[in-house]
Amino acid sequence: MPDTYDVLIIGAGPGGYVTAIRSAQLGFKTAVVDREHLGGICLNWGCIPTKALLRSAEIFHYFQHPGDYGLTAEKVGFDVGAIVKRSRGVSAKLNGGVGMLLKKNKVDVIWGEATVDSVAKGNQPGQVTVKDSARAEPPKGAKGAGTYQAKHIIVATGARPRALPGIEPDKKLIWTYYEAMVPETMPKSLLVMGSGAIGIEFASFYRTMGAEVTVVEVLPQILPVEDSEIAAMARKRFEKQGIKILTGAKVTKVEKGTGSITATIEGGDGKTQQITAEKMISAVGVVGNVENLGLEKLGVKTDRGCVVTDGLGRTNVPGLYAIGDVAGPPMLAHKAEHEGVICIETIKGLHTHPMDKGKIPGCTYCQPQIASVGLTEAKAKEQGFQVKVGRFPFAGNGKAIALGEPDGMIKTVFDAKTGQLLGAHMVGAEVTELIQGYVVAMNLESTEEELMHTVFPHPTLSEMMHESVLDAYGKVIHT
């Protein structure tokens with residue numbers, strides 16, 4: 001008789017394992033299936049290890065400018081192997097932590113590749129077949145290949161790097177984020193195709209470590225989802241650091257040589273140029289992992305490589321759900337986690353509502369950092385809002401000056417009629433830690449009056465958040 005669960009989740013990334021824990025808290029007998037690593041791409045090959053790499057680069061940057069802080073440092077260098085080892089160690093530690101959390105909450109871990117054979121009908125549970133996985137050793141105590149049954153099946157299989165025809169990554173000269181995170185040596189030159197968060201973070205890391213970096217973006221601005229004013233400020237900083245940026249351009253051809261690639265770049269004017277680099281990173285987005293799960297056979301509706309859901313995680317097939325990257329953009333770990341909680345609480349019968357994707361913050365951890373939530377100024381105007389816009393520069397903030405970080409800006413966008421905060425956009429030091437203040441404000445439907453009457457501690461970077469609101473209404477103090 002197959003093991004039977006109330007809830008079986010396919011994928012143990014941020015969405016999957018958080019959903020599993022919340023499921024167990026709600027009293028469901030729960031299992032989670034994975035084929036490679038607990039914590040998924042984010043914890044093992046994405047969000048977390050890249051932050052460890054970027055932290056090493058940040059410290060190396062400060063070592064190179066000790067005089068700015070009244071310090072001296074000689075013979076500053078780095079060991080790329082040690083940098084990578086630290087990054088992998090951080091991931092390994094958190095990977096083990098996920099295993100402990102699942103065990104603590106009595107969630108069964110099943111190791112292997114899952115296929116959905118059927119979904120629940122009446123009193124008959126759905127069925128999932130798990131085959132042996134050769135990708136990684138199973139965690140201690142994990143169950144293996146076999147047939148499992150569940151009343152509710154949740155697909156949380158994440159996404160993988162998108163590959164462009166003719167420019168497919170080969171793991172040697174053309175990298176994805178996998179290879180970019182574990183370089184054996186530091187390349188002297190690098191071409192990055194794509195200027196979203198992944199591309200820009202790697203461009204920032206490798207440039208700080210000394211590589212000559214060129215970024216190619218097909219759209220007119222880098223960081224295409226960000227406010228254009230913020231993206232323009234970030235671009236100036238990147239170019240000042242020595243990063244070469246080509247926008248409105250595309251890679252049309254890549255020729256591989258011995259130890260290098262030569263890319264043909266076509267500009268918006270039709271003119272071409274060739275750029276040679278030791279390595280190339282393809283960072284042109286991701287695509288959902290919808291294949292080989294049995295979804296086609298079940299008639300599950302998909303759109304552009306992602307499973308279509310109703311906002312509560314339910315697919316068009318009763319008893320089958322999808323969350324996280326595989327359920328569509330924004331493809332962010334924190335979105336996946338919250339989406340999973342909404343899904344499982346809906347299954348439990350609790351009062352839930354679809355997530356407002358307009359209130360999901362986005363962060364890019366380059367130097368300088370970038371963070372945002374809600375509508376850009378342009379999008380707000382496109383949607384018909386009359387807006388009030390506030391801006392406050394880092395140069396007007398005492399804490400920023402004391403940190404030696406005077407470059408940056410915080411921008412807020414309000415509905416002029418109601419005072420509703422429509423969006424907030426930041427570039428500068430530690431803004432990824434500041435953005436949540438505005439996220440909370442938007443979720444609480446705070447108006448400009450409430451934000452103005454909020455006391456912000458001094459001296460902190462957060463005071464700029466207050467000043468930006470004041471500026472939108474002609475009340476700014478420190479500019």
Side-chain angles (χ1 to χ4, degrees), residues 41-42 45-47 50 157-183 187 189-207 211-226 231 235 238 243-292 302-307 324-332 362 364 366:
I41 294 298
C42 175
W45 291 101
C47 323
T50 52
T157 48
R160 64 185 183 277
R162 184 186 301 276
L164 297 183
I167 316 177
E168 293 85 359
D170 62 3
K171 300 184 179 182
K172 295 178 181 178
L173 294 174
I174 304 177
W175 290 347
T176 66
Y177 52 72
Y178 286 99
E179 297 79 33
M181 256 181 281
V182 289
S189 55
L190 178 71
L191 176 67
V192 180
M193 182 172 62
S195 73
I198 293 173
I200 288 296
E201 286 185 3
F202 279 119
S204 183
F205 169 73
Y206 279 99
R207 178 61 194 142
E212 294 295 325
V213 176
T214 301
V215 176
V216 179
E217 170 57 53
V218 70
L219 295 174
Q221 85 171 41
I222 62 167
L223 299 158
V225 302
E226 301 295 344
R235 177 172 182 160
F238 298 148
I243 297 176
K244 183 179 180 182
I245 297 174
L246 303 174
T247 48
K250 60 183 178 180
V251 179
T252 59
K253 182 181 179 182
V254 177
E255 295 177 338
K256 299 176 185 178
T258 303
S260 67
I261 61 95
T262 297
T264 300
I265 315 295
E266 182 181 315
D269 57 4
K271 295 180 180 179
T272 63
Q273 62 175 302
Q274 290 189 322
I275 295 177
T276 298
E278 285 189 12
K279 304 291 182 183
M280 174 177 173
I281 296 177
S282 176
V284 291
V286 295
V287 59
N289 292 319
V290 298
E291 301 86 359
N292 304 316
T302 61
D303 180 36
R304 289 175 288 184
C306 295
V307 178
D325 289 0
V326 76
M331 293 179 173
L332 301 166
T364 305
C366 46

message = Between Glu179 (side chain only) and Thr176 (backbone N and O only), is there a donor and an acceptor less than 3.5 Å apart?
response = yes

query = With side chains defined as the heavy atoms from C-beta onward, is the minimum distance between Tyr206 and Val192 less than 4.5 Å?
reply = no

Sequence neighbours excluded and cut-off under 3.5 Å, please list the side-chain donor-acceptor pairs for residues 274-284, or say none.
residue : atom : partner : partner atom : Å
Thr276  : OG1  : Thr262  : OG1          : 2.9
Glu278  : OE1  : Lys188  : N            : 3.3
Lys279  : NZ   : Lys172  : O            : 2.8

task = Evaluate the side-chain proximity of Ile167 to Met193: yes if any heavy-atom separation is below 4.5 Å, no if none is.
result = yes

query = Got Ile243 and Val215 here, is their nearest side-chain heavy-atom distance under 4.5 Å?
reply = yes

request  = Given side chain to side chain donor-acceptor pair (under 3.5 Å), test Glu212 with Ser189 step by step and report yes or no.
outcome  = CA-CA 4 Å; Glu212 294 295 325; Ser189 55; over 6 Å; no

task = Locate the shortest heavy-atom distance separating Ile222 from Ser195; write the atom from each residue and the value.
result = CA-OG, 3.2 Å

key: Distance-minimising heavy-atom pair for Cys306 and Ala327   = CB-C, 4.2 Å

Heavy-atom side-chain contact between Val290 and Thr157 under 4.5 Å = no

ask   = Is Lys244 close to Leu246 at the side-chain level, that is, under 4.5 Å between some pair of heavy atoms?
value = yes

ask   = Can you tell if the side chain of Arg160 reaches within under 4.5 Å of the side chain of Val287, non-hydrogen atoms only?
value = yes

request  = Say whether, by atom type as modelled, one donor and one acceptor occur between the side chain of Thr50 and the main chain of Cys47 under 3.5 angstrom.
outcome  = yes

key: With sequence neighbours excluded, residues passing side-chain hydrogen bond (donor to acceptor under 3.5 Å, both in side chains) with Lys256   = Asp170

ask   = Please walk me through it: do Glu168 and Arg162 pass salt bridge (charged side-chain N to carboxylate O under 4.0 Å, His left out)?
value = CA-CA 9 Å; Glu168 293 85 359; Arg162 184 186 301 276; over 6 Å; no

task = Locate the shortest heavy-atom distance separating Asp325 from Leu332; write the atom from each residue and the value.
result = OD1-N, 3.6 Å

key: Nearest heavy atoms of Ala180 and Pro183, plus distance in Å   = O-CD, 3.5 Å

task = Check for a donor-acceptor pair, side chain of Tyr178 on one end and backbone N or O of Lys171 on the other, with a separation under 3.5 Å.
result = no

request  = Measure across Met331 and Ala159 and return the closest heavy-atom pair with its distance rounded to 0.1 Å.
outcome  = SD-CB, 4.5 Å

inquiry  = Between Arg235 and Thr247, is there a side-chain donor-acceptor contact under 3.5 Å, judged purely by atom types and distance?
reply    = yes

note = All heavy atoms of Glu291 vs all of Gly288, minimum pair found to be OE1-O, 4.0 Å

ask   = Are any of the side-chain heavy atoms of Ile265 and Thr272 separated by less than 4.5 Å?
value = no

inquiry  = Are the side chains of Cys366 and Phe238 in contact, using a 4.5 Å heavy-atom criterion?
reply    = yes

